[in-house]
Amino acid sequence: MEANFVKALREFFRLWFPPVEPPGEEDVIAIHSHRMPIHYRRHARARNYVLRLHPDKTVLVTIPRHGTRKFAREFVASRKNWLEKQWRILEARRAPPQVLRPGMEILLGGRPVALELRRNGEDWELQCGPERAPVRDPDGNLRPALENHLRSAARIQLARRVRELAQAHPSEVKHVVVRNQKSRWGSCSRKGTLSLNWRLIQLPDSVRDYIIIHELMHLRELNHSPRFWQEVEKACPDYRAAEDWLKRNSGQVGF
Ligand SMILES: [Zn+2]
């Protein structure tokens, strides 16, 4: 009885957490001239070969039930460009944030604006489009002052814009939270909390509005069904242009 149970448990783990097979001598791929070993994992439930480059730069291929290592190797070779692109993304993520100095530009409201230092009596002030932030050390990195200021400006501006749009397109918003999210523009919860990325203030107004409307419509339809997109289109007829802008320009946002 107990032995059966242990066997079943082992089987369960093998199925859900299949072991990683170590690479053999031929299992190597050159990514930007780094020779990286290819690790494999056999997965009884996998339907396709799946390639991943993990944050620690491990190359891992999932092999479906009747798949072979030989095909997996070819599959990895055919995805070399993709791997090199992912590699560059990982490298960029690890780069320390750039030091900001006067004269540099950032995106604000969809337009590039220059960072300018001005005297304000005894003190220094950073001007960036319509925004002004006090600066303690004018010779140092302007980033902390700028980020601090833009985050609190975003908290006020975005909450106000959510209220306006929730009135125009009746929605049950209970709270608005403005956060420092790395990879999302916004999200919402069943309880009516809208979470927005403070960097929304960097986008053109129409794109910012689309993202807010998108989340508001999720309060009506918590999915991406055709019904959801109908609601989005009714509230924001130009939403495709906004999606397009995001696809082309998201990389410029942030600084
Ligand atoms: Zn959505």
Side-chain angles (χ1 to χ4, degrees), residues 16 43 45-48 50-55 60 62 79 82-83 85-86 88-90 92-93 97 106-112 131 147 150-255:
W16 289 89
H43 220 302
R45 288 171 303 114
R47 296 198 177 172
N48 299 307
V50 180
L51 172 61
R52 290 215 170 79
L53 180 64
H54 287 269
L60 180 64
T62 302
R79 296 285 189 284
W82 180 85
L83 276 170
K85 200 173 140 206
Q86 296 306 310
R88 258 182 265 121
I89 292 171
L90 285 182
R93 256 186 226 153
I106 66 156
L107 205 66
L108 200 60
R111 279 183 296 274
E131 304 295 340
E147 273 192 9
L150 289 183
R151 277 172 77 162
S152 42
R155 234 170 265 137
I156 297 163
Q157 292 171 23
L158 295 175
R160 189 170 55 214
R161 195 60 188 145
V162 170
R163 275 199 304 276
E164 289 165 359
L165 289 169
Q167 231 162 36
H169 313 286
S171 324
E172 300 271 320
V173 193
K174 298 270 185 327
H175 299 284
V176 180
V177 190
V178 172
R179 290 204 278 190
N180 186 24
Q181 289 157 310
K182 277 273 174 298
S183 57
R184 305 184 77 170
W185 290 115
S187 59
C188 74
S189 77
R190 266 169 218 286
K191 288 183 183 149
T193 301
L194 232 66
S195 304
L196 298 173
N197 191 325
W198 69 265
R199 291 185 180 83
L200 282 181
I201 63 167
Q202 291 195 264
L203 309 182
D205 293 356
S206 59
V207 179
R208 172 205 61 198
D209 283 358
Y210 158 64
I211 289 166
I212 295 174
I213 290 172
H214 181 118
E215 297 309 329
L216 290 178
M217 296 302 113
H218 272 318
L219 297 176
R220 299 184 190 175
E221 289 280 327
L222 216 83
N223 51 48
H224 288 119
S225 63
R227 267 239 307 269
F228 166 78
W229 288 110
Q230 272 169 23
E231 297 280 340
V232 170
E233 187 158 21
K234 251 190 271 165
C236 181
D238 268 352
Y239 83 91
R240 285 189 188 86
E243 285 271 1
D244 232 48
W245 191 95
L246 287 170
K247 253 183 230 132
R248 276 182 287 114
N249 302 293
S250 280
Q252 290 178 42
V253 184
F255 43 82

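Count residues from 1 along the sequence. Order of appearance sets the numbers: ligands from 1, and atoms from 1 within every ligand.
Nearest heavy atom pair, residue Leu219 against residue Ser189, reads CD2-O, 3.8 Å. Heavy atoms only, all atoms of each residue included: Arg220 and Pro170 are closest at NH2-O, 2.9 Å. Thr62 and His43 make their closest contact through CG2-CB, 3.5 Å (heavy atoms, listed as atom of the first residue, atom of the second, distance).
Open room surrounds CG on Asp238; 12 or fewer heavy atoms of other groups in view lie less than 6.0 Å from it.
Residues passing the ring-ring contact (aromatic ring centres under 6.0 Å, His included) test with His224, sequence neighbours excluded: His214, His218, Phe228, Trp229.
Salt bridge status for Glu243 with Arg240: absent, with no side-chain N to carboxylate O gap under 4.0 Å.
Of all protein atoms, those that are N, O or S and lie under 2.8 Å from the Zn ion (ligand 1) total 3.
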